[in-house]
Amino acid sequence: MPATIVLGTQWGDEGKGKFTDLLSKEMSMVVRYQGGHNAGHTLVVDGETFALQLVPSGVLYDHIVPVIGNGVVVDPFVLLAEVDMLRRRGITTDELRVSGNAHLIMPYHQQLDALHERHLGKSKLGTTKRGIGPAYADKSMRLGVRMQDLLDESIFREKLRGTLTHTNKVLTRVFNRLPVDPDALADKVLSECLEPLAPYIADTTDLIHDALEADQHVLFEGAQATFLDLDHGTYPFVTSSNPTAGGACTGTGVGPRHLDRIIGVAKAYCTRVGAGPFPTELHDDYGNKMVDIGREYGTNTGRRRRAGWFDAVMLRHAVRLNSLTDIAVTKIDILDTFDTVKLCVAYEIDGERTEKLPYHQSEVHKAVPVYEEFPGWNTSLAACRSPKDLPSEARRFLEALEQQVGVPISLLSTGPGREEYLNLQS
Ligand code: IMP
């Protein structure tokens with residue numbers, strides 16, 4: 001059976017969790033492939049809100065095996081807290097599996113993340129300070145400690161001592177901070193995390209392949225988004241992993257031949273948290289209205305998001321980078337009371353029009369959006385359940401968006417609830 005990816009096409013917070021949850025009905029396994037607890041997925045199920053950071057959204061279904069793949073960086077304390085929260089609310093986590101190859105986020109990674117940000121001053125990236133960058137940096141430097149190391153106390157202690165020989169020099173000599181005692185940290189992690197987490201640690205690559213060979217449908221759940229990708233995003237204002245489709249392969253150990261559908265989730269407008277270029281960003285009442293009505297504050301950090309019109313130039317690029325088969329548009333209802341809605345179809349850079357995202361970042365910073373304007377629909381879309389229920393103005397906007405982006409819109413979300421969506425392909 002083939003695999004499907006659901007990923008973000010903008011700068012994150014597109015509402016991917018809702019569609020992952022929706023598609024979960026047909027899936028046997030849902031796999032996170034990158035990022036860590038910098039992600040925040042909010043799901044509303046039967047009026048109850050679940051905010052998940054690490055555990056795949058599919059956990060809310062009994063028939064799903066939720067998997068945290070090798071490409072994810074895992075803070076064991078956060079994982080434990082999330083598992084406890086789910087259990088307290090009656091959700092079973094017995095089937096959860098975490099790759100033994102996933103790297104651990106340790107408290108010193110979070111400390112370094114905050115120190116790096118402070119050191120950058122005005123040039124700070126606006127990270128989530130969850131230790132994501134430093135954990136991936138240790139992985140690349142071959143200094144990381146992995147989930148599987150937890151299973152052998154002497155190896156775990158040895159690896160912590162090794163990595164802290166390096167990190168303590170950075171903490172003390174570069175940042176003038178106290179060193180971390182590797183044995184005290186090992187004691188804490190082993191005593192608090194080993195027993196409850198050990199049953200979840202597994203060879204997830206093998207598990208996923210077994211599922212595919214048994215004709216089960218596997219869903220890869222992306223966190224963050226295309227333009228936060230370490231290689232293809234608006235570097236350096238990016239995260240330290242690969243949310244793009246290729247990351248689903250490296251972050252799980254499954255080759256691209258298994259992928260048959262790659263769904264890009266896009267908000268009907270754009271938002272971004274943290275610093276970095278954002279050509280269609282608004283600093284006016286329209287932008288404030290998007291933030292207010294769309295409740296554009298981080299699930300995770302509570303930060304106010306920047307907001308602007310839908311950018312088809314970026315989306316066309318996202319289609320290419322990810323081989324998107326279709327897009328799922330979210331939060332269209334946030335535009336319900338707008339008199340006008342706009343779509344950025346091209347940029348003007350130094351007086352020249354371009355329909356492509358310039359590869360050179362300085363040009364992206366100079367890009368002036370060229371908009372197509374559409375009359376608003378001025379009515380609630382909440383009750384729409386089929387394409388014919390949509391007002392003609394909303395249909396015109398979506399048709400233009402689809403034409404600009406170049407792949408079909410398959411799903412449209414009209415509200416936060418599980419049932420508030422339209423299947424446009426039926
Ligand atoms: P980091 O991933 O914490 O290192 O942060 C790097 C950049 O990615 C910052 O601009 C963050 O605001 C952004 N970022 C990280 N995770 C998310 C997310 O889940 N949604 C939106 N932005 C994110």
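Read the numbers this way: they start at 1 and go in the same order the structure lists the ligands and their atoms. Just so you know, residue 1 is the first one in the sequence shown, and it goes up from there.
Short contacts between ligand 1 and V273, defined as distances under 4.0 Å to a heavy atom of the residue, involve ligand atoms 10 (O), 12 (O), 21 (C), 22 (N). Listed by number with element, the atoms of ligand 1 under 4.0 angstrom from any heavy atom of A39 are 19 (O). Using a 4.0 Å cut-off to heavy atoms of T127, the atoms of ligand 1 that qualify are 1 (P), 3 (O), 4 (O), 5 (O), 9 (C). Atoms of ligand 1 lying under 4.0 Å from any heavy atom of D13, numbered from 1 in the order shown and given with element: 20 (N), 21 (C).
Salt-bridge annotation for R87 and D94: present, with a side-chain N of the basic residue lying under 4.0 Å from a carboxylate O of the acidic one. Residues K129 and D113 are not paired through a salt bridge, judged by the lack of any N-O separation under 4.0 Å between the basic side chain and the carboxylate.
Ring to ring, W309 and Y286 are close: their centroids are under 6.0 angstrom apart. Under the 6.0 Å cut-off for aromatic ring centres, H258 and H209 qualify, their centroids lying closer than that. The distance between the ring centers of W11 and F237 does not fall below 6.0 angstrom. In this structure, F310 has its ring center at least 6.0 angstrom away from the ring center of Y269.
Scanning T239, N38, L228 for the heavy atom closest to atom 14 (N) of ligand 1 points to L228.
Residue T4 is tested with E221, R261, E26, H217 for a side-chain hydrogen bond (donor to acceptor under 3.5 Å, both in side chains); the sole match is H217. Among R304, R306, R272, K267, the single residue meeting the salt bridge (Lys or Arg N to Asp or Glu O under 4.0 Å) criterion with E296 is K267.
On a distance-only criterion, R130 and ligand 1 share no N/O pair closer than 3.5 Å. For the pair G126 and ligand 1, the shortest N or O to N or O distance falls below 3.5 Å. The N/O atoms of G40, backbone and side chain alike, include none that comes under 3.5 Å of an N/O atom in ligand 1. The shortest N or O to N or O distance between K129 and ligand 1 is not under 3.5 Å. At least one N/O-N/O distance between R303 and ligand 1 falls below 3.5 Å.
Using a 4.0 Å cut-off between heavy atoms, L125 contacts ligand 1 through its backbone alone, with no side-chain atom that close. Heavy atoms of R272 found under 4.0 angstrom from ligand 1: none, in either backbone or side chain. Under 4.0 angstrom from ligand 1, the non-hydrogen atoms of W11 all belong to its backbone.
Residue A223 places no heavy atom under 4.0 Å from ligand 1. Look at D113 and you'll find every heavy atom at least 4.0 Å from all atoms of ligand 1.
At a cut-off of 3.5 Å, with distance as the only test, a side-chain donor of D229 or T244 sits close to an acceptor on the other residue. Side-chain atoms of S28 and H63 include no donor-acceptor pair closer than 3.5 Å.
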